[in-house]
Trainee: 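Dropping a structure here in structure tokens format, bear with me for questions.
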Amino acid sequence: MAGFYSDFGIDEHVSAYCEGILAPLRARFDAIDAIAERNQAKVLRAMQQNRVDAACFAGSTGYGYNDAGRDTLERVYADAFHTQSALVRPQLVCGTHALAVALSANLLPGDELLSPVGKPYDTLEEVIGIRPAACSLKEYSVSYRQVDLLPDGGFDYDGIRAAINEKTKLITIQRSKGYAMRPTLSVARIGELIRFCKACKPDVLCMVDNCYGEFVEPIEPSDVGADMIVGSLIKNPGGGLAPIGGYICGTRACVDRCAYRLSAPGLGQEVGASLDVKTALYQGFFMAPVTVAGALKGAIFAARLYESLGFRVIPDGQEPRYDIIQAVELGSAEKLIAFCEGIQAAAPVDSYVRPVPAPMPGYDSDVIMAAGAFVQGSSIELSADGPLRPPYSVYFQGGLTWYHAKLGIMMSLQKLYEKGLVSLPEAI
Ligand SMILES: *Cc1c(COP(=O)(O)O)cnc(C)c1O
């Protein structure tokens, strides 16, 4: 393999060092494959039980009435995630949109939304109205409360009990840390939190922002009491093939309201042409368990590699994983740029482009982004980004195949190595 990697410009010291890091990871990779196998079976059974056939892939136009393939796909998602109902649509344009629909459909003026896991993902701040925004929930008189995690990452049960009141209608729980520094929640911990909240107030709705978490574990938050789970199809469940879309799976009562909010009261799930994307949505969901497994292996490989070279990595190379995001504190702008150049150079698309830091709306420093994806902005494909400010952390995720994730991470190290920004121990 070393000769083969040298075709990509990877020095033989770099490839030998990387292979040394990988050797002890085989048992961990086997455990990931075992989860993928269970999830693959779950998706396959859902497709068989719903009698998926070639007619399901035919596109629809206009109103999209009687689009049986669209309805079947929604039953496949509902069965795979063990929910009564599902809304899986290209008209849900991204994860934020799916979350905004789920929230605004199930919260009415006077209701209160509670986040018991601290600050939600950046883009939700405007949806909720934490940062003033036109059409936020706040503008529609939906109030918001937040209880932060304890310093050790635990739930502040006393604080949560005190925050739940007669107005509390919906509790939003973000599974992945996203780009924050708090721990990602396991499905088991989400289950404990939901049980606690429902013990405080039995009719409260619990929604889980499931982004980056799907298929990482053999069960989903919908298996432990969530009324709705919500995510993006250009992340895990689209398997890298879905070109657009979002999903909301949950109780019939919640999902019906989401469908009325997405289209119009009275119309709901009956309308919405699927155009020509259905084959990709089915096939992507079918592939997703294996794609997620590859991304997880890449994240663990990178954690162990950079940890071994003395960098702080979050999560660390040993701890259990509950999402596909890996952060590495690189410590300098040069290292952050070199890392991203490596990821870009390994891409199947736009590999000849060199990423450069640039200003971005919503950031107070320049940001560098590396992505050479088939689907624009897809973060189940290998991608990396980071703001140019201390501690110069890079966040990266994805990889449609484990072998590509591996090559991308090796290339990142190669760029650091050839610029003299790291030295490799002789042997490990
Ligand atoms: C990506 C993400 C979102 C928003 O998804 P977009 O598709 O980028 O709008 C929300 N929450 C979390 C935790 C995410 O990772």
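What's counted below: heavy atoms across the whole structure, side chains too, no hydrogens, waters or symmetry copies. Both ligands and their constituent atoms are indexed starting at 1 by order of listing.
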Trainee: Using the six-membered ring of Tyr212, assess whether NZ or CZ of Lys235 lies under 6.0 Å from its centre and within 45 degrees of the ring axis.
Mentor: yes
Trainee: As an exercise, identify every atom of ligand 1 less than 4.0 angstrom from a heavy atom of Cys94.
Mentor: 7 (O), 9 (O)
Trainee: Is the Phe215 to Phe81 ring centre distance short of 6.0 Å?
Mentor: yes
Trainee: Does NZ or CZ of Arg175 come closer than 6.0 Å to the centre of the six-membered ring of Tyr322, within 45° of the ring's axis?
Mentor: no
Trainee: Which residue owns the protein heavy atom closest to atom 7 (O) of ligand 1, what's the atom, and how far is it?
Mentor: Gly95 N, 2.7 Å
Trainee: Which of the atoms in ligand 1, numbered in the order shown and given with their element, are less than 4.0 Å from a heavy-atom of Tyr212?
Mentor: 15 (O)
Trainee: Under 3.5 Å, is there a donor-acceptor pair linking the side chains of Ser274 and Asp67?
Mentor: yes
Trainee: Select the closest option to atom 11 (N) of ligand 1 among Asp209, Leu99, Thr123, Val127, judged by heavy-atom distance.
Mentor: Asp209
Trainee: Within the 3.5 Å criterion, strictly below it, is a donor on Gln146 or Tyr144 matched to an acceptor on the partner's side chain?
Mentor: yes
Trainee: Would Lys235 count as a contact of ligand 1 if the rule is a heavy atom under 4.0 Å away?
Mentor: yes
Trainee: Asp33 pairs by salt bridge (charged side-chain N to carboxylate O under 4.0 Å, His left out) with which of Lys297, Arg28, Arg38, Arg26?
Mentor: Lys297
Trainee: For ligand 1, which part of Gln174 has a heavy atom less than 4.0 Å away: the side chain, the backbone, both, or neither?
Mentor: side chain
Trainee: Can you confirm whether Gln283 is buried at CD, in the sense that more than 12 heavy atoms of other residues, nucleotides or ligands lie under 6.0 Å from that atom?
Mentor: no
Trainee: Determine, using heavy atoms of Leu124 and all atoms of ligand 1, whether some pair is separated by less than 4.0 Å.
Mentor: no
Trainee: Is the closest N or O pair between Ser176 and ligand 1 shorter than 3.5 Å?
Mentor: no
Trainee: Considering only protein heavy atoms, which is closest to atom 9 (O) of ligand 1, and at what distance to one decimal place?
Mentor: Thr96 OG1, 2.5 Å
